[in-house]
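What follows is one structure encoded as structure tokens, with my remarks underneath.
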Amino acid sequence: MSIEKSGLRVRFAPSPTGALHIGGARTALYNWLAARHYGGDLVLRIEDTDLERSTPENVAQILDALRWLELDWDEGPVSQVGRAEDHAAALQKLLDSGAAYRDAATADDVKAWKSEHGADRGYRGTPSEDGSGAIRLRVPDDGDTVVNDLIRGEVRFPNRSYDDFVIARGDGSVLYNFAVAVDDADMGITDVIRGDDHLSNTPKQLLVFEALGIQPPRYAHVPLLHGPDGKKLSKRHGAASVQELRDAGYLPAAIRNYVALLGWGPGDDETLLSTAELIERFRPEDVGRSSAVFDEKKLRWMNGRYMRELPPGEYRESVRSFVEAETVGRPLNEDRFAFGCEIVQEKAQTLQEVWPLIRFLFEPPVQDEKAWRKVMKGDAERVLVAVTEALQAVPAGGEGPNGDGFTIEAVQTALEPLPEKLELGAGKVFQPIRVSITGTTISPGIFESVAALGREETIARIEAARSRLDA
RNA sequence: GCCGCUAUCGUCCAGGGGUCUAGGACGCCGGAUUCUCAGUCCGGAAACCGGGGUUCGAAUCCCCGUAGCGGUACCA
């Protein structure tokens, strides 16, 4: 039970009750940043003493989310349940020293006692004669237990408001506040960085440390993250689990940057911070004290910034799974895919937004009738005739994404003079092309889109639109 | 109920006794980019929870109130 360790040791200790939500992810990130900043160790511990909720699937989900976020750990995952022997040893020690005792009173007994005495008074039990009953830790009546929090400063809790709380059930299975303290002690944790919701429990853990005769770690309680409704973020706020953010097309680096800024700022007005900068500048004591609200709009913006800065190859690979999910069963035209990615990299804010923009390259256009009515009128037919002529005049050759001479430049050279030639606004000329080839009014730049589609398909789609116009 | 935490633009982060006519970012509104959408650029509106103190002076310190949140389990 030695805590002889040089350097900082922090831990992330989620309870596997489901997906990792953004609040848990931030706690993990802060611990990770602290460990990396100070060159310490991060221990991953799974708080699985809640038999019911702790399933292997839930544990796997959390590990999966952490890995996807690219947050690695130096030790673990350690199962809290797996440490039962150590817990039992600590328990016995407290029983032997008299710091803890068995109390025959049942939970109902205590409840009854409390309703009689009011809640401003902690319950104090009496050791049972026969050695049965739950095990409680003795809490002194007088004095305060003070938490010296890195973020909150000194917080005092009057001892008399705490019960002699149960640290183990009658069968010897230990409870959370006891297990945490024993684990943190055994693992030599130097700094506990965790959610604010644990602040009120900290005195109990401190009392356990004291009973054990062990120096407690430093504590830093970070404010909770709230949902848009102002309530503590939880499973109920579905949109905020890490896997959902992944599925929505956010990049891990963007999430790290955004989440780091929820409750913490670098001190100046920088908002775009690389992971290296985050590590360099983050200090747990600089975390703010008030709770923050997760705002997906800002994450989107930030994600767009990260997407634009990706090297083309990485961009393509990030987008790939989102496109493949839409093209199952069909081979993906790699050249087209690559070119399509290039022409939308400046546009999309999430990976999910890419497919709708380049869909027309892989499927026949699905006509948006509203778009058709809006655009395919007036001079549209005349325009399309001229466009076809102009495109047919583009010199053939091996250039361009389709090897047919349709480079962005060649297409631009052919189409750009048309508005003036036809004495029409540019929109009047380009929108009918867009609707013809994509079925919608929304697409990448028109020259880029035509080049991406290629000579044959572009002209065929325009021809199809013209025949519909005739009908 | 009791214990505790928190309180600056809609949201996030600065500012911690005078330099604050309160700064930056997202979002929003307007303009530009005479191809859509998006992006980008430029401009704008937008906040110190309330009341008392302390002080020459308070967004900043103290107290009270209010509100929000957390804890108060033989859950974690």
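The chains referred to below are lettered A, B, ... by the order of the sequence lines, with proteins before strands, and numbering in each begins at 1. We use all heavy atoms of the structure for the numbers below, so side chains are in, but hydrogens, waters and symmetry mates are not.
- Pair check for rG50(B) finds rC64(B); Watson-Crick or G-U wobble, both atom distances under 3.5 Å.
- One C1' atom belongs to rA58(B), the other to rA22(B), and the distance between them is 13 Å to the nearest Å.
- Atom P of nucleotide rG39(B) and atom CD1 of Ile343(A) are separated by 17 Å, given to the nearest angstrom.
- rU60(B) and rC74(B) have their P atoms separated by 42 Å, with the value rounded to a whole Å.
- At rU40(B), one or more side-chain N or O atoms of Arg308(A) fall inside 4.0 Å of OP1 or OP2 (strictly under the cut-off).
- Atom pair His21(A):NE2 and rA76(B):P shows a separation of 17 Å (rounding to whole Å applied).
- Ser443(A) comes within 4.0 angstrom of a base, heavy atoms only.
- Within 6.0 Å of CD on Gln345(A) lie more than 12 heavy atoms contributed by other residues, nucleotides or ligands.
- Between the side chain of Arg316(A) and the backbone N or O of Pro311(A), no donor-acceptor pair lies under 3.5 Å.
- The partner of rG4(B) is rC69(B), judged by Watson-Crick or G-U wobble contacts that both fall below 3.5 Å.
- Atom OH of Tyr101(A) is separated from atom P of rC74(B) by 12 Å (rounded to the nearest Å).
- Note on His221(A): nothing from the nucleic acid sits closer than 4.0 angstrom, heavy atoms only.
- Checked against rC35(B), rA7(B), rA76(B), the side chain of Ser290(A) finds its nearest nucleotide in rA7(B).
- In the set rC26(B), rC35(B), rA76(B), the nucleotide with an atom closest to the side chain of Ser15(A) is rA76(B).
- Aromatic ring centres of Phe430(A) and Phe447(A) lie closer together than 6.0 Å.
- Looking at heavy-atom distances under 4.0 Å, Ala105(A) makes contact with a base.
- For Ser200(A), counting side-chain heavy atoms from C-beta on, the closest listed nucleotide (rU36(B), rC35(B), rG70(B)) is rG70(B).
- Applying the 4.0 Å criterion to OP1 and OP2 of rC75(B), one finds that Arg169(A) has a side-chain N or O inside that range.
- Nucleic acid contact for Asn201(A): base, since at least one base atom lies under 4.0 Å from a heavy atom of the residue.
- Look at CZ on Phe165(A): it is 17 Å from P on rG71(B), rounded to the nearest Å.
- At a cut-off of 3.5 angstrom, the base of rG24(B) holds no donor-acceptor pair with the side chain of Thr271(A).
- Arg305(A) comes within 4.0 angstrom of the backbone, heavy atoms only, and of no base.
- Separating the CG atom in Asp197(A) from the NE2 atom in His221(A) is a distance of 8.0 Å, to the nearest 0.5 Å.
- If you check rG39(B) for Watson-Crick or wobble pairing at under 3.5 angstrom, you find it paired to rU33(B).
- Considering only the side chain of Lys297(A), rG27(B) comes nearest among rG27(B), rG24(B), rA76(B).
- At the phosphate of rA38(B), neither OP1 nor OP2 sits under 4.0 Å from any side-chain N or O atom of Gln349(A).
- At least one donor-acceptor pair under 3.5 Å links the side chain of Asp48(A) to the backbone N or O of Val81(A).
- For the pair Asp268(A) CG and rC12(B) P, the computed distance is 19 Å after rounding to whole Å.
- Base contact: Ala107(A) has a heavy atom under 4.0 Å from a base atom.
- Atom CG of Leu224(A) is separated from atom C1' of rC5(B) by 10 Å (rounded to the nearest Å).
- At the heavy-atom level, Gly425(A) lies nowhere under 4.0 Å from the strands shown.
- Where Glu154(A) and Tyr258(A) meet RNA chain B, the nucleotide closest to each residue was compared, and Glu154(A) sits on the side nearer the 5' end.
- Here the nucleotide nearest the side chain of Gln80(A), chosen from rG39(B), rA76(B), rC35(B), is rA76(B).
- Counting only heavy atoms from C-beta on, Trp301(A) has its side chain closest to rG27(B) among rG70(B), rG27(B), rC69(B).
- Note on Gly263(A): only backbone sugar-phosphate atoms sit closer than 4.0 angstrom, heavy atoms only; bases stay farther off.
- Residue Thr441(A) places its side chain closer to rU36(B) than to any other of rU36(B), rA73(B), rC35(B).
- Going from atom CD of Glu285(A) over to atom C1' of rG16(B) covers 17 Å, rounded to whole Å.
- On the P atoms, rG1(B) is 13 Å away from rG65(B), given to the nearest whole Å.
- Rounding to whole angstrom units, CZ of residue Arg289(A) and P of rA14(B) are separated by 9 Å.
- Thr106(A) comes within contact range of at least one nucleobase, with a heavy-atom separation under 4.0 Å.
- Note on Phe447(A): a base of the nucleic acid sits closer than 4.0 angstrom, heavy atoms only.
- Note on Glu270(A): nothing from the nucleic acid sits closer than 4.0 angstrom, heavy atoms only.
- Counting any heavy atom pair closer than 4.0 Å across all strands shown, Leu175(A) reaches sugar-phosphate atoms only and no base atom.
- At distances below 3.5 Å, at least one donor-acceptor pair connects side-chain atoms of Arg102(A) with backbone N or O atoms of Gly170(A).
- The backbone N or O of Gly439(A) lies less than 3.5 Å from a partner atom in the side chain of Gln367(A), making a donor-acceptor pair.
- Ring geometry, Phe157(A) versus Tyr162(A): the interplanar angle exceeds 60°, so the pair is classed perpendicular (tilted spans 30 to 60°).
- For the pair Gly133(A) and Pro158(A), both in contact range of RNA chain B, the more 5′-proximal nearest nucleotide belongs to Pro158(A).
- Comparing rC5(B), rU72(B), rU36(B) by their closest approach to the side chain of Lys347(A) singles out rU36(B).
- One P atom belongs to rA59(B), the other to rA38(B), and the distance between them is 41 Å to the nearest Å.
- Listed candidates were rA76(B), rC74(B), rU6(B). Nearest to the side chain of Ala134(A) is rC74(B).
- When distances run from any side-chain atom of Tyr176(A) to the nucleotides rG39(B), rA76(B), rC35(B), the shortest one goes to rA76(B).
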